[in-house]
Amino acid sequence: MANSLKSATFLIESRIADAARGDFNACYDLGIVYSTGAAGIGIDLIEAHKWFNLAAVSGSEAAQQCRADIAEDMTAREIAEAQRAARAFLQATSRRAA
């Protein structure tokens, strides 16, 4: 069990690092992980919406559809929180790149 948790943590951390470098496929992957609870991670629709939103910004139609699908199960407040988190991620990563 500990090994699977370590693997899940490594997966998430490596995809977040990829996303920070501008890999929007990594954002989509993270959206899938958080929306399905894959890799032993609990379902978190706010995190999923955030990552799908970041992938959708790059033009991913699959991410746009996934974002719309999970938004149906979220409150307006949760969606707003996810959008704030996406903007904060973009701001933090753009500062690092500058």
Side-chain angles (χ1 to χ4, degrees):
M1 181 95 162
N3 283 338
S4 63
L5 182 58
K6 286 180 184 177
S7 294
T9 301
F10 176 76
L11 168 72
I12 298 299
E13 289 174 355
S14 66
R15 296 314 278 159
I16 290 172
D18 293 341
R21 287 190 293 275
D23 180 351
F24 288 100
N25 289 320
C27 295
Y28 179 80
D29 293 345
L30 288 162
I32 293 293
V33 167
Y34 282 106
S35 66
T36 63
I41 301 299
I43 294 174
D44 184 338
L45 296 183
I46 293 170
E47 275 296 299
H49 191 284
K50 173 183 101 174
W51 293 113
F52 284 138
N53 196 34
L54 290 165
V57 165
S58 73
S60 170
E61 291 182 23
Q64 292 169 12
Q65 184 60 51
C66 290
R67 180 184 60 191
D69 289 345
I70 66 169
E72 293 176 6
D73 296 327
M74 298 172 71
T75 66
R77 181 168 287 171
E78 290 170 328
I79 292 169
E81 184 178 340
Q83 291 171 335
R84 280 191 300 275
R87 282 191 301 274
F89 182 81
L90 285 174
Q91 289 174 346
T93 56
S94 67
R95 276 192 220 119
R96 271 189 244 145

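Both backbone and side-chain heavy atoms feed into the values below; hydrogens, waters and symmetry mates do not. Only a predicted model underlies this, so the values are computations on that prediction, with no experimental measurement involved.
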So, for Leu54 and Phe89, which heavy atoms are closest and what is the spacing to 0.1 Å?
CD1-CD2, 3.6 Å
Test side-chain contact (heavy atoms from CB on, under 4.5 Å) on Tyr34 and Ile12; report intermediate values, then the result.
CA-CA 10 Å; Tyr34 282 106; Ile12 298 299; 3.7 Å; yes
Going by salt bridge (Lys or Arg N to Asp or Glu O under 4.0 Å), name the pairs with one or both residues in residues 36-53, residues two or more places apart or in two chains.
Glu47-Lys50
Holding to side-chain contact (heavy atoms from CB on, under 4.5 Å), I want the full list of residues that pass it with Thr36, two or more places apart in sequence or in another chain.
Ile32, Ala38
With sequence neighbours excluded, tell me which residues meet side-chain hydrogen bond (donor to acceptor under 3.5 Å, both in side chains) with Gln65.
Asp69
Working to the nearest 0.5 angstrom, can you tell me the gap between Leu30 CG and Leu11 CG?
7.5 Å
Taking every heavy atom of Ile43 against every heavy atom of Gly37, the minimum-distance pair comes out as CG1-N, 3.6 Å
Point-to-point distance, once rounded to the nearest 0.5 Å, from CD1 of Ile41 to OG of Ser35:
12.5 Å
Under the rule for side-chain hydrogen bond (donor to acceptor under 3.5 Å, both in side chains), what residues qualify as partners of Asp18, not counting sequence neighbours?
Arg15, Arg21
Hey, could you give me each pair passing salt bridge (Lys or Arg N to Asp or Glu O under 4.0 Å) that has a residue in residues 73-84? Not counting sequence neighbours.
none
Please collect all ring pair (Phe, Tyr, Trp, His ring centres under 6.0 Å) contacts where either partner lies in residues 54-82, sequence neighbours excluded, each pair once.
none
Looking at every non-hydrogen atom in both residues, tell me the closest pair between Ala55 and Ala63 and how far apart they are.
CB-CB, 3.5 Å
Could you measure the distance from the OG atom of Ser58 to the CG atom of Asn53? Nearest 0.5 Å is fine.
10.5 Å
Tyr28: partners by ring pair (Phe, Tyr, Trp, His ring centres under 6.0 Å), with sequence neighbours left out:
Phe52
Suppose we screen for side-chain contact (heavy atoms from CB on, under 4.5 Å). Which residues come up paired with Gln64, at least two apart in sequence or across chains?
Ala56, Glu61, Arg67
